[in-house]
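Report on one structure; see the data block that follows.
None of the values given here were measured: they were computed from a predicted structure.
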Amino acid sequence: MDTMTIDLHTHSTASDGAVEPGELVRRAAGAGLSVLALTDHDSFGGVGAAAAGLPLGLTLIPGVELSCETLIGEERLTLHLLAYLPNQNHGPLVEVMAHTVESRDGRARQMVALLSADGHEISWPQVAKLAGGAAVGKPHIARALVDAGVLATVGEAFTYRWFGPGGPYRVRKWQPDITHAIELVRDAGGVPILAHPFGEKRGAGLTGEHLEQMARAGLAGLEVFHPEHDAAARRELLGIAASLGLIVTGSSDYHGPPIKSQELGAETTSRLNYERIIAMATGARPITRSSSSA
């Protein structure tokens with residue numbers, strides 16, 4: 001009987017999550033998880049603290065969620081690539097992540113300036129404080145708008161009225177092409193899985209043909225079971241994964257309230273697919289805490 005509960009997509013305050021890495025692993029253990037992947041945006045910054053606070057019985061998978069893009073017609077579509085167990089010191093991967101973070105910071109400053117110029121009372125110091133030393137992302141700007149009474153909820157900021165697709169305060173950042181990102185993860189010994197391919201905020205316009213092209217470039221799997229995927233999307237993705245021989249994962253994409261409402265373990269990965277990831281990875285190994293270190 002399979003008693004493992006595996007959540008392979010979570011965030012901490014090292015990127016845009018609301019929970020410190022050490023607290024995140026404690027919450028994961030309390031929620032009954034067996035395996036937790038920490039996949040902050042373009043950063044390994046929380047892995048050390050998560051490993052240091054790891055409770056007995058919980059396995060930590062060091063990972064990262066890379067911001068990427070691909071060309072669909074004449075539009076550049078933002079995608080997210082989950083990278084499991086890469087070598088965290090792989091130079092080309094680290095360089096691309098640093099470039100993305102730098103661009104994200106510039107984008108965030110520009111968005112805050114546009115909002116402020118239109119009379120919305122938020123400031124860069126206020127937003128940076130909410131980020132707590134991590135790279136400022138759109139959720140931090142959204143939280144600042146809520147704190148200022150401009151918006152009622154964080155989710156409202158991600159609509160076309162604000163900085164969702166087509167929104168007046170949407171500013172693009174630099175990010176690598178998805179094919180290049182897949183190659184970087186593979187070269188670093190990691191396992192690349194496309195996050196929420198048909199999600200609400202990303203994935204519009206993606207087809208099975210696009211996913212097949214990514215698979216030929218080295219994509220290892222698809223995150224099928226995700227809070228943003230409805231039953232139809234899951235059926236379609238399961239069919240594509242089966243036809244291409246791709247790994248199927250499920251994850252909560254946990255950020256913690258008030259950023260996102262889903263709880264740890266809201267979606268999970270099967271033990272069989274988890275073991276396929278572990279067998280494929282050569283860049284790093286899962287982290288556990290022995291009883292002797294307790």
If you take all heavy atoms of D16 and P139, which pair is closest and at what distance? OD2-CG, 3.5 Å

Consider only side-chain heavy atoms of I, L, V, M, F, W and Y, link residues closer than 4.5 Å, and tell whether M4 and Y84 are in one cluster. yes

Tell me which pairs pass side chain to side chain donor-acceptor pair (under 3.5 Å) where either residue lies in residues 19-33, with sequence neighbours left out. T13-E20, E23-R26, E23-R27, R27-Y254

Can you tell me how far apart CD (E267) and CD (E223) are? Round to the nearest 0.5 Å. 9.0 Å

Shared hydrophobic cluster for Y160 and L77 (ILVMFWY, side-chain gaps under 4.5 Å): no

For R235, enumerate each residue passing the salt bridge (charged side-chain N to carboxylate O under 4.0 Å, His left out) test, keeping only those at least two apart in sequence or located in another chain. none

E65 and H11 side chains, donor-acceptor separation under 3.5 Å: yes

Residue E95 excluded, over 12 heavy atoms near CD under 6.0 Å: no

Could you pull out the closest heavy-atom pair between P286 and L85, with the gap in Å? N-CD2, 3.7 Å

Please check if the side chain of S12 supplies one atom and the backbone of G17 the other of a donor-acceptor pair under 3.5 Å. no

Using distance only, find each side-chain donor-acceptor pair of residues 179-195 under 3.5 Å and give its atom names and separation, not counting sequence neighbours.
residue	atom	partner	partner atom	Å
T179	OG1	D177	OD2	3.4
R186	NE	G218	O	2.8
R186	NH2	G218	O	2.9

Taking ring pair (Phe, Tyr, Trp, His ring centres under 6.0 Å) as the definition, give me every residue that meets it alongside F163, ordered by chain and number, with sequence neighbours left out. F158

Is the closest side-chain heavy-atom distance between E69 and K173 below 4.5 Å? no

Going through the checks in order, is the salt bridge (charged side-chain N to carboxylate O under 4.0 Å, His left out) test met by D147 and R143? CA-CA 6 Å; D147 290 348; R143 287 167 62 191; 6.0 Å; no

Taking all non-hydrogen atoms of both residues into account, name the closest pair between G256 and A18 and its distance. O-CB, 3.9 Å

Report yes if some heavy atom in the side chain of V112 is under 4.5 Å from a heavy atom in the side chain of R109; otherwise report no. no

Enter the distance from L211:CG to F198:CZ here, rounded to the nearest 0.5 Å. 5.5 Å

Intermediate values then yes/no, side chain to side chain contact (heavy atoms under 4.5 Å, CB included), L79 and L206: CA-CA 10 Å; L79 300 173; L206 267 187; 3.7 Å; yes

Validation row: N89, F44 side chains within 4.5 angstrom (heavy atoms): no

Looking at CG of L151 and CD1 of I141, how far apart are the two atoms once the value is rounded to the nearest 0.5 Å? 11.5 Å

Please check this pair: side chain of T269 against backbone of D7, looking for a donor-acceptor N/O pair closer than 3.5 Å. no

Taking the side chain from S103 and the backbone from H99, do they hold a donor-acceptor pair closer than 3.5 Å? no

Give, for atom OG of S15 and atom NE2 of H140, the distance between the pair rounded to the nearest 0.5 Å. 7.5 Å

Atom pairs and distances, side-chain donor-acceptor, residues 52-59, under 3.5 Å, sequence neighbours left out:
none

With rounding to the nearest 0.5 Å, note down the distance linking OG1 in T70 to CG in L81. 11.5 Å

The criterion is salt bridge (charged side-chain N to carboxylate O under 4.0 Å, His left out); which residues satisfy it with R107, sequence neighbours excluded? none

Would you list the pairs meeting salt bridge (charged side-chain N to carboxylate O under 4.0 Å, His left out) in which at least one residue belongs to residues 36-56, sequence neighbours left out? D42-R104

Under 3.5 Å, sequence neighbours excluded: what are the donor-acceptor pairs made by side chains of residues 117-129?
residue	atom	partner	partner atom	Å
D118	OD2	Y169	OH	2.5
H120	NE2	Y169	OH	3.4
S123	OG	Q126	N	3.3
Q126	OE1	S123	N	3.3

Apply side chain to side chain contact (heavy atoms under 4.5 Å, CB included) to N87 and L93, showing your working. CA-CA 9 Å; N87 179 352; L93 177 60; over 6 Å; no

Over 60° means perpendicular and under 30° means parallel, so classify the ring planes of H226 and H196, tilted if in between. perpendicular

Supply the atom-to-atom distance L33 CG to T268 OG1, rounded to the nearest 0.5 angstrom. 9.0 Å

T100 side chain reached by L66 side chain, heavy atoms, under 4.5 Å: no

Could you tell me which non-hydrogen atom of T10 sits nearest to which non-hydrogen atom of A37, and how far apart they are? OG1-O, 2.7 Å

Under 3.5 Å, which donor-acceptor pairs do the side chains of residues 239-249 form with other protein atoms, sequence neighbours left out?
residue	atom	partner	partner atom	Å
S243	OG	G239	O	3.4
S243	OG	I240	O	2.8

Heavy-atom pair of closest approach, residues A49 and P21: CB-CB, 3.9 Å

Side chains of I277 and L8, heavy atoms from C-beta outward: is any pair under 4.5 Å? yes

Residues which pass salt bridge (charged side-chain N to carboxylate O under 4.0 Å, His left out) with D253, listed by chain and number, not counting sequence neighbours: K260

Keeping R172 on the side-chain end and R76 on the backbone end, is there a donor-acceptor pair under 3.5 Å? yes

Residues at least two apart in sequence or cross-chain that pass ring pair (Phe, Tyr, Trp, His ring centres under 6.0 Å) with H90, listed by chain then number, are none

All heavy atoms of Q88 vs all of P62, minimum pair found to be NE2-CB, 3.6 Å

With R216, which residues qualify under salt bridge (charged side-chain N to carboxylate O under 4.0 Å, His left out), at least two apart? E212

Would a hydrophobic clustering, with Ile, Leu, Val, Met, Phe, Trp and Tyr connected at side-chain separations under 4.5 Å, put V94 with V47? no

Just by distance, do the side chain of Q262 and the backbone of S252 share a donor-acceptor pair under 3.5 Å? yes

When hydrophobic residues are tied together by side-chain contacts of less than 4.5 Å, even through go-betweens, does V101 share a cluster with L130? no

My understanding is that only one of I287, L24, V35 makes a side chain to side chain contact (heavy atoms under 4.5 Å, CB included) with L60; could you say which? I287

